[in-house]
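Notes follow once the structure below has been shown.
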Amino acid sequence: DIQMTQSPASLSASLGETVTIECRASEDIYNGLAWYQQKPGKSPQLLIYNANSLHTGVPSRFSGSGSGTQYSLKINSLQSEDVASYFCQQYYDYPFTFGSGTKLEIK
Amino acid sequence: EVQLVESGGGLVQPGRSLKLSCAASGFTFSNYYMAWVRQAPKKGLEWVATISTSGSRTYYPDSVKGRFTISRDNAKSSLYLQMNSLKSEDTATYYCARPHTMGITAFAYWGQGTLVTVSS
């Protein structure tokens, strides 16, 4: 199985700041990676697919990058509505696996 | 508008069975692989099962293989998850999910989830 190691587990940043969340796969996943945002009590929402493609309707302050085994999600100009948990997921191979999540708070 | 509505969750004793349903609308259901993803209370996400468009191919992680069965009825635009021999560690909110595009890709659409509690 492909293991997804996500960091950091939690993050506190100020409004307007830029934050980066990382995900490392245990083997090459050939950009088969997604990032999701989940607000408390809500279903996950897709932000990024294929490592760097922005899903429809997602603000452009979110961006994804990476290749091989290393991927990252960047949030520019942090807004209060970005408070949420963020998860990466590989869908390159079964079993699909998720990172353990990053909880983002406003400082 | 794509809509996925899960039902069938509830309290069930360990070792018993439960069947979840997901009613899909707003898209041509038969054109998409479909999946179930779960989330234990205050925990992360875990992929549970995927089924191909025709239902001929199914995929599971080891944690549920042999106990859970995913199925679909394309005529009814419905997805199902039959869960047998339930364990306490199966306690979670179960989400029905549809990929972004036809084929195997990220989950772009999620239902609101249905809570399954396994406890005596």
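No experiment lies behind these values; they were computed from the predicted model shown. Chain letters run A, B, ... following the sequence lines, proteins first, then strands; residues in each count from 1.
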(request) State whether the number of non-hydrogen atoms from other residues, nucleotides or ligands found under 6.0 Å of A:Arg24 atom CZ is greater than 12. (result)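 No, the 6.0 Å shell around CZ holds no more than 12 heavy atoms from other groups.
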
(message) Atom CD of residue position A:Gln45 - does it have more than 12 heavy atoms of other residues, nucleotides or ligands inside 6.0 Å?
(response) no

Within the structure provided, determine whether [X] and [Y] are in side-chain contact (heavy-atom separation under 4.5 Å).
X	Y	result
A:Leu104	A:Leu78	yes
B:Trp36	B:Ile51	no
A:Met4	A:Ile29	yes
A:His55	A:Phe62	no

(request) Pick whichever of A:Pro44, A:Ser85, A:Pro95, A:Gly101 has the most heavy-atom pairs under 4.5 Å with chain B. (result) A:Pro44

(request) Determine the option with the most heavy-atom pairs under 4.5 angstrom with chain B, choosing from A:Tyr94, A:Tyr36, A:Tyr92, A:Tyr49. (result) A:Tyr94

(message) Quick check on A:Gln38 against chain B: is it the side chain, the backbone, both or neither that has a heavy atom closer than 4.5 Å?
(response) side chain

(request) Assert yes or no for the condition that the ring centre distance of B:Tyr32 to B:Phe27 is strictly below 6.0 Å. (result)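 Yes, the ring of B:Tyr32 comes within the 6.0 Å limit of the ring of B:Phe27, centre to centre.
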
(request) Please state whether the side chain, the backbone, both or neither of B:Glu46 comes within less than 4.5 Å of a heavy atom of chain A. (result)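 Only the backbone of B:Glu46 comes within 4.5 Å of chain A.
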
(request) Residue by residue, scan residues 111-120 of chain B and write down, ordered by number, those that have a heavy-atom distance under 4.5 Å to chain A; if none do, write 'none'. (result)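 At a heavy-atom separation under 4.5 Å, chain A is reached by B:Gly111, B:Gln112.
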
(request) Could you tell me which residues in residues 72-100 of chain B have at least one non-hydrogen atom under 4.5 Å from a non-hydrogen atom of chain A, sorted by residue number? (result) B:Tyr95, B:His100

(message) In terms of relative ring orientation, are A:Tyr91 and A:Phe96 parallel, tilted or perpendicular, with 30° and 60° separating the classes?
(response)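 The arrangement is perpendicular - the two ring planes meet at more than 60°.
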
(request) Start with the C-alpha gap between B:Tyr60 and B:Arg67, add the side-chain angles, then the distance that decides, and say whether side-chain hydrogen bond (donor to acceptor under 3.5 Å, both in side chains) holds. (result) CA-CA 10 Å; B:Tyr60 308 93; B:Arg67 299 188 300 121; over 6 Å; no

(message) Pairing donors with acceptors under 3.5 angstrom, does anything connect the side chains of A:Thr102 and A:Gln6?
(response)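 Checked: A:Thr102/A:Gln6 side chains pair up, N/O donor to acceptor below 3.5 Å.
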
(message) Between the side chains of A:Arg61 and A:Glu81, is the shortest nitrogen-to-carboxylate-oxygen separation below 4.0 Å, so that they form an ion pair?
(response) yes

